[in-house]
There are 2 protein chains.
Amino acid sequence: MNLTVRGIGRLLTMTAGVHHDAALVVRHGRVAWAGPGRDLPAGAPEQVLEAGGACVVPGFVDAHTHLVYAGVRRDEFVARLAGESYDGGGIRTTVEATRAASTELLVDLAAQRASSALAHGTTTMEVKTGYGLSPEHELRLLDAVRELAGRTPIHVEPTYLGAHVVPAGADRRTYVAEVIATIPEAARRGARWCDVFCDRGVFTVDEARQILLAARESGLGLRLHAEEIAPTGAAGLAAELGCASADHLEHVTPADARAMASAGVVGVLLPTVTLSLRSQAWGHAAVLREAGVELALATDCNPGTSWCESMPFAIQLACLAMGLSVEEAFRAATRGAASSLRLADRGHLGPGAAGDLVVLDAEHEADIVAHLGAAAVGRTVVGGVPVG
Amino acid sequence: MNLTVRGIGRLLTMTAGVHHDAALVVRHGRVAWAGPGRDLPAGAPEQVLEAGGACVVPGFVDAHTHLVYAGVRRDEFVARLAGESYDGGGIRTTVEATRAASTELLVDLAAQRASSALAHGTTTMEVKTGYGLSPEHELRLLDAVRELAGRTPIHVEPTYLGAHVVPAGADRRTYVAEVIATIPEAARRGARWCDVFCDRGVFTVDEARQILLAARESGLGLRLHAEEIAPTGAAGLAAELGCASADHLEHVTPADARAMASAGVVGVLLPTVTLSLRSQAWGHAAVLREAGVELALATDCNPGTSWCESMPFAIQLACLAMGLSVEEAFRAATRGAASSLRLADRGHLGPGAAGDLVVLDAEHEADIVAHLGAAAVGRTVVGGVPVG
């Protein structure tokens, strides 16, 4: 819980500037001091981590994952590389495998993925349900997320995504009513957020509005899968309801982006999805930036459209494919993502922030973007404890 | 030198089919047997490597690298992300740093990069000079490549690239004459190949022809940097001269691609360059495939336009960005790349081939493409010896 990190070549605090030849002190799990190494307060530290001149950044915040699932979708992936298009139907494949798996197995699989994410520097992670698609199975997935949270050092933010897709054979009005009826119990089982996949072929803007209004009544924060497959006005809905985040946004319009900015909706970019789907949808980051939307990054870790636990890879693609600057990308992966989860004490290393940080395997954060295919993280620290 | 690999879930030989539940025997550094595990010849093996159900592929062949250099080009990289264009001028920055470095340092730096490549599964690697740009310095770089070859288990193919760029302040006719005059000594110092950066702003087709014809007289094989920055007809020259490879090819025309195919010129794709340069030049792979050109993959490892030692990352981008199928990409990274180096006994695991192989960290090669940001290689074996 108490740790002094010394020999930091370059320290990005995100809220209190960049320090060179710096040090940082964590006490009782929180940042107590950060600054030039020569000004390090006296007193024998309990534990010392030597950064060896490396660059240190806040622990990455992964603002959008579907970490709890079973099964593989290799055939769908190989087919897509052979030129077939993706319409979201593949989710049902994962639903079958997930329903068939024991809760114990689901937690084990998710914990393995979390362990990989931790090694890639993730210290806070949003985790959605959505592969249960019945009250019973969705609530079981929330139990799995809660168990996961107890098994990983990563801070987990659980999201109820009963409205991921209409289950095969179900009546959609009945299913929407079922999703809404389950919300209070989802909140009791630990959900902090409610999300809806609002897109062509999935849930309509009206259906999403009904669900999210009900979620707000139960005290849940609101998130929205918006404008991924086609423009539907979902980003406008996110602005209307004041959602904490609208995610994907490949087809967002400039007007809806401005509405998002006015309403304080954070735009969550998922560049690994664009790469996985070969969609070449790279332009929306510029639309959002132009409108003044606060940007966040996430992996969207899921078995169909983004098998990825690596925030450094998301950062790399955000720069090289979406056109973010190095500074914008690191901010989106830390402060921006924390902002999308309304976590004021995460995603930065100012005084009082969570003692979550990453010692990069580089002396400058730009090298993480430039060095392709290489490991990015030397050490991950959570709450002042080196964990990976 | 003698090794039995057992428990191979899936064995891609590239020349003798795909075996399931397979085994492979290396004797005296060469593949002696490969097939279903139940048919494994009797006899006590000297050393056993258990693959644990993983997929095994031939060691990767990196057909194009500039591994020997000193210095970093971080500022240029950050500037490019801010929207500036690349015209090859950055090479001169590396030339200055490389000339200033001792040969010992150059070999150390290259050996570190080779070690990283080995961990990523590379077992054969082409290495170019080109950051010396004077007879003295270019020959010193060939010495460094030879020393590197003695220090890494990777099989190194040395290439003389005196014609990388016209040195600052030099008269271009004088410099071309100097490059040509140096070729016989380059051959004596171990160069097996000669390459020219033939492009707009670098060397013309006529200059490249002069240099390559001289190289052929000295017994060197021919390679060519072609059509990267602008269409100049360099790919047509590669066909005319029967070069072993033409590399980059972002601007190749269908007609020149057909000429390459007829002449047996292998097309070396460098997808990490397209990503690094943010050029969105992804379409040429389809042009080359349509023309029937044999495809190879490479990292182009260099400090300015592709800081990358990872062939699995090149494979991933070749599929997800360039549109190769998983099968095409793995073939290009093994058999195709070996073909571009005219190495009949590498890039495959048929009887008699070099005992160079990679135990992937996956049960199927498609997972290496699908799993973004993840480590791809469990174990690298060179000549029957597990080395990484």
Side-chain angles (χ1 to χ4, degrees), chain A residues 72-83 116-117 119-120 271-278 280 282 299-301 303-329 362-367 369-376, chain B residues 72-83 116-117 119-120 271-278 280 282 299-301 303-329 362-367 369-376:
Chain A
V72 293
R73 274 155 64 184
R74 187 183 295 141
D75 294 346
E76 173 189 328
F77 178 81
V78 172
R80 197 163 59 230
L81 286 187
S116 170
H120 287 298
T272 54
V273 177
T274 300
L275 184 69
S276 286
L277 293 179
R278 309 203 61 235
Q280 298 298 322
W282 298 118
T299 62
D300 197 10
C301 184
T305 62
S306 177
W307 183 10
C308 180
E309 303 96 16
S310 169
M311 285 294 289
F313 188 69
I315 289 171
Q316 204 167 47
L317 274 187
C319 291
L320 294 172
M322 283 187 160
L324 267 63
S325 71
V326 174
E327 189 186 348
E328 283 177 316
E363 63 188 29
H364 193 289
E365 69 277 14
D367 294 358
V369 180
H371 198 177
L372 303 175
Chain B
V72 294
R73 275 156 62 185
R74 186 183 295 141
D75 293 347
E76 174 188 327
F77 178 81
V78 172
R80 198 162 58 232
L81 286 187
S116 171
H120 287 298
T272 53
V273 177
T274 299
L275 184 70
S276 287
L277 292 180
R278 308 203 62 233
Q280 299 298 323
W282 298 117
T299 62
D300 196 12
C301 184
T305 63
S306 178
W307 183 10
C308 180
E309 304 94 14
S310 169
M311 285 295 287
F313 188 69
I315 289 171
Q316 203 167 47
L317 274 187
C319 291
L320 293 172
M322 282 186 162
L324 269 61
S325 70
V326 173
E327 190 185 347
E328 284 177 315
E363 63 187 29
H364 193 290
E365 70 277 13
D367 293 358
V369 181
H371 199 177
L372 304 174

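Nothing here was measured: the structure is a model prediction, and the numbers come from that model. Quick note on labels: first sequence line is chain A, next is B, and so on, each numbered from 1.
- From Glu309(A), atom CD reaches atom CG of Leu372(B) across 9.5 Å, with rounding to the nearest 0.5 Å.
- With a 4.5 Å cut-off on non-hydrogen atoms, Ala82(A) does not touch chain B at all.
- Among Ala370(A), Cys308(A), Ala374(A), Ala375(A), the residue making the largest number of heavy-atom pairs under 4.5 Å with chain B is Ala370(A).
- Rounded to the nearest 0.5 angstrom, Leu320(B) CG and Arg80(A) CZ are separated by 8.5 Å.
- One distance of note links CG of Leu324(A) with CG of Leu81(B); it measures 9.5 Å at 0.5 Å rounding.
- Residue with the most contacts toward chain A among Pro312(B), Cys319(B), Ser325(B): Cys319(B) (heavy-atom pairs, distance under 4.5 Å).
- Taking His371(B) as the reference, Trp307(A) meet the ring-ring contact (aromatic ring centres under 6.0 Å, His included) condition, with sequence neighbours excluded.
- Neither the backbone nor the side chain of Glu327(A) comes within less than 4.5 Å of any heavy atom in chain B.
- Counting heavy atoms from C-beta on, the side chains of Val369(B) and Phe77(A) come closer than 4.5 Å.
- Chain B forms more heavy-atom pairs under 4.5 Å with one residue of Ala321(A), Ser116(A), Ala376(A) than with any other, namely Ala321(A).
- Highest contact tally toward chain B, considering only Leu317(A), Thr299(A), Leu275(A), Val326(A), is held by Leu275(A) [criterion: heavy-atom pairs under 4.5 Å].
- Every residue meeting the salt bridge (Lys or Arg N to Asp or Glu O under 4.0 Å) condition with Glu363(B), not counting sequence neighbours, appears here in chain and number order: Arg74(A).
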